[in-house]
Trainee: 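For reference, the structure I am asking about is given below.
As the structure lists them, so they are numbered: ligands from 1, and atoms in each ligand from 1. Keep in mind it's a predicted model, so treat the numbers as computed, not measured.
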Amino acid sequence: MKPENLNTHALMFVTPRPELVFERGEGSWIFDSTGKRYLDFIQGWAVNALGHSPLEIRQALAQQAQKLINPSPAFYNEPAVALAQLLTQHSCFDRVFFANSGAEANEGAIKLARKWGRQHKGGAFEIITFEQGFHGRTLATMSASGKPGWDTLFAPQVSGFPKARLNDIDSVRALIDDRTVAVMLEPVQGEAGVIPADPVFLQELRRLTRERELLLIADEVQTGVGRTGKLFAYQHAPIEPDIMTLGKGIGGGVPLSALLAKEAVCCFEAGDQGGTYNGNPLMTSVGLAVLNRILAPGFLAEVTAMGAYLSQRLQDLAHRHGFPGERGVGLLRALILPDDRGPAIVKTGLALAPTGLLLNSPRPNLLRFMPALNVSREEIDRMVDLLDGIINRPG
Ligand SMILES: *Cc1c(COP(=O)(O)O)cnc(C)c1O
């Protein structure tokens, strides 16, 4: 329960929140102010790549805070340079622009594509995105998203984002005209309910965009930095996008995101892009710590192994209960429910005592799992046991 004396009224309402306050976290566990613990398979919405408050991040923050927090983005700093180098060494991209949120990185990607269109494609500016896709909550990224109703919410919005259907190459082809500059997609649609883009579709999309001289933008805010078992999800297909955005996991819980691009696309001129906090050493030092851990020998193989294990345990659970099944890539997975009981399961999981369970239901007929990338087999077993118990409850 929320402490009696805690008046939350001063916080602006944007979402209903449960009557509890989280105070402390450790790995896959989070504790509320009464000391009750919860097994966390949300992890800040796929943000805490290494779990709650891992040693690497605490050390990086403490050490960097003592040295330099923000010299301004108009100057170089060591962690930003080192992190950009590490990202380019381990990806197909040549340059990195750091930002503070996934939406902001995507705004940068949209601006970069439009500028490139102005320079190379006679002012083409349209970016084909996908039905049910999610790219953020700024005005432009809401328009780019394919959430029903988001094109009219807060109108007038940013135009120029026609919607194709995922895994339907003809629906993309049909939208291409002289105004088209790029195609932008999530390699696995996260908020839509963990819907992977088919590798064959991604290859066709890469071929089509090359033929028509269009940019391919991968929004890897949710799928990047190890979540799918490879460092970046585009490597599964494999394809090489022209632009990629990262967020969530790259900061391991702190606000850090990135826009990466191939050299030929890097067309920003002085003044085109920036931001007060962009690439500050406090956050980029955390990004370095996270990325170094994920690149350590064996780490990604373990993500793949745990992803396969979670998948198997979910399949078994689905079989036991006669549910339709599960899907996903690596440690981004969804259990498909036979009806709209997702929100009720989430609520029951939260209230379970003495050990609660944090799950997410982005669509009422499914549950999404996005544990820490270093989640253990025992923690997966525990989660499945708790979930089994919830499903077996009468009523
Ligand atoms: C979460 C998410 C975003 C938005 O990131 P914010 O940091 O919340 O702005 C954008 N794209 C995808 C695919 C996401 O999952």
Trainee: Using a 4.0 Å cut-off to any heavy atom of His135, which atoms of ligand 1 qualify?
Mentor: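 So the answer, numbered in order with elements, is 10 (C), 11 (N).
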Trainee: Is the shortest distance from a Lys or Arg side-chain nitrogen in Lys262 or Glu240 to a carboxylate oxygen in the other one below 4.0 Å?
Mentor: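 Between Glu240 and Lys262 there is a salt bridge, with a charged N closer than 4.0 Å to a carboxylate O.
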Trainee: Need the ligand 1 atom indices (1-based, order shown) with element for anything under 4.0 Å from a heavy-atom of Gln222.
Mentor: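 Near Gln222, meaning under 4.0 Å from one of its heavy atoms, ligand 1 has 15 (O).
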Trainee: Just need the protein heavy atom nearest to atom 5 (O) of ligand 1, so name the residue and atom and give the distance.
Mentor: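 Atom 5 (O) of ligand 1 sits closest to the protein heavy atom Gly102 CA, 3.3 Å.
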Trainee: Cation-pi check, Arg377 to Tyr309: give yes when NZ or CZ is under 6.0 Å from the six-membered ring centre and within 45° of the ring axis, no otherwise.
Mentor: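 Output yes; distance and angle both within limits.
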Trainee: For ligand 1, which atoms have a heavy atom of Ser101 less than 4.0 angstrom away?
Mentor: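 Matching atoms, with element in brackets: 7 (O), 9 (O).
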Trainee: Can you check whether Val290's main-chain N or O pairs, donor with acceptor, with Glu56's side chain at less than 3.5 Å?
Mentor: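 Not at all, since once roles are kept as given, no pair shorter than 3.5 Å links the two residues.
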Trainee: Which atoms from ligand 1 have a heavy atom of Asn106 less than 4.0 Å away?
Mentor: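 Atoms satisfying the 4.0 Å criterion: 10 (C), 11 (N).
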Trainee: Quick one: which of Glu191, Glu107, Lys248, Glu186 has a heavy atom closest to atom 14 (C) of ligand 1?
Mentor: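 Comparing heavy atoms across Glu191, Glu107, Lys248, Glu186, the nearest one to atom 14 (C) of ligand 1 lies in Lys248.
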Trainee: Pick one of side chain, backbone, both or neither for how Trp45 approaches ligand 1, counting any non-hydrogen atom pair under 4.0 Å.
Mentor: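 Near ligand 1, Trp45 shows nothing, with every heavy atom at 4.0 Å or more.
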Trainee: In terms of residue, atom name and distance, what is the protein heavy atom nearest to atom 11 (N) of ligand 1?
Mentor: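 Ranking protein heavy atoms by distance from atom 11 (N) of ligand 1, first comes Asp219 OD2, 2.8 Å.
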Trainee: Is the distance from the ring center of Phe134 to that of Trp150 below 6.0 Å?
Mentor: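 Here the rings of Trp150 and Phe134 have centres that are less than 6.0 Å from each other.
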Trainee: Closest non-hydrogen protein atom to atom 9 (O) of ligand 1, residue and atom name please, with distance?
Mentor: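 For atom 9 (O) of ligand 1, the nearest protein heavy atom is Ala103 N, 2.8 Å.
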Trainee: May I ask you to identify, for Thr223, whether its side chain, its backbone, both or neither come under 4.0 Å of ligand 1 on a heavy-atom basis?
Mentor: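 The answer is neither; Thr223 stays 4.0 Å or more away.
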Trainee: Does atom CD of Glu26 have more than 12 heavy-atom neighbours from other groups under 6.0 Å away?
Mentor: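 Counting neighbours around CD of Glu26, 12 or fewer heavy atoms of other residues, nucleotides or ligands fall under 6.0 Å, so no.
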Trainee: Got a salt bridge between Arg320 and Asp388, using NZ or NE/NH1/NH2 to carboxylate O under 4.0 Å?
Mentor: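 Salt bridge between Arg320 and Asp388, a charged N being under 4.0 Å from a carboxylate O: yes.
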Trainee: Is the ring centre of Tyr277 less than 6.0 Å from the ring centre of Phe98?
Mentor: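 Between Tyr277 and Phe98, the centre distance exceeds or equals 6.0 Å.
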